[in-house]
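The chain is numbered in sequence order, starting from 1.
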Amino acid sequence: VGGGIVGASIAHYLAKLGAKPLIIEQCGVACHSSGKGAGFLALNWNDRSPVGALARRSFQLHQELADEFGAEQIGYRRLNCISC
């Protein structure tokens, strides 16, 4: 699989299932778009949209990954925001 966020995620979960995935990337893991995004994710900004449940699950998943790998190790920090 590739070394962007999708490929790395697939490799991670396949490895948790016992597979031995191989990441192949031309220049380095997260060296293109996946490594450049700010990664901002809001808990409830999509609640009234068709992707609301997906957005909430994604928010939970980010916290689970921070717990698994260590928030400081992966640069995860949760912030409280106010929406108007």
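Atom-to-atom distance recorded for L17:CG and H12:NE2 is 10.0 Å, nearest 0.5 angstrom. Distance CG/L41 to CG/L79: 11.5 Å, rounded to 0.5 Å.
Follow the hydrophobic side-chain contacts under 4.5 Å out from L14 and you reach V29 in the same cluster. Cluster membership check: L43 does not share its hydrophobic cluster with W45, using side-chain heavy-atom separations under 4.5 Å among Ile, Leu, Val, Met, Phe, Trp and Tyr. In the hydrophobic clustering of this structure, L61 groups with F69; members are Ile, Leu, Val, Met, Phe, Trp, Tyr whose side-chain heavy atoms approach within less than 4.5 Å, directly or through other members.
The two residues P21 and A11 have their closest heavy-atom pair at CG-O, 3.3 Å. Heavy atoms only, all atoms of each residue included: I23 and G3 are closest at CG2-CA, 3.6 Å.
When atom types are taken as modelled, the side chain of S9 and the backbone of I5 share a donor-acceptor pair closer than 3.5 angstrom.
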| C27 and H32: CA distance, side-chain angles, deciding distance, side chain to side chain contact (heavy atoms under 4.5 Å, CB included) verdict | CA-CA 9 Å; C27 69; H32 294 293; 3.5 Å; yes

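Counting only residues at least two apart or in different chains, side-chain hydrogen bond (donor to acceptor under 3.5 Å, both in side chains) contacts with residues 69-82 comprise Q63-Y76.
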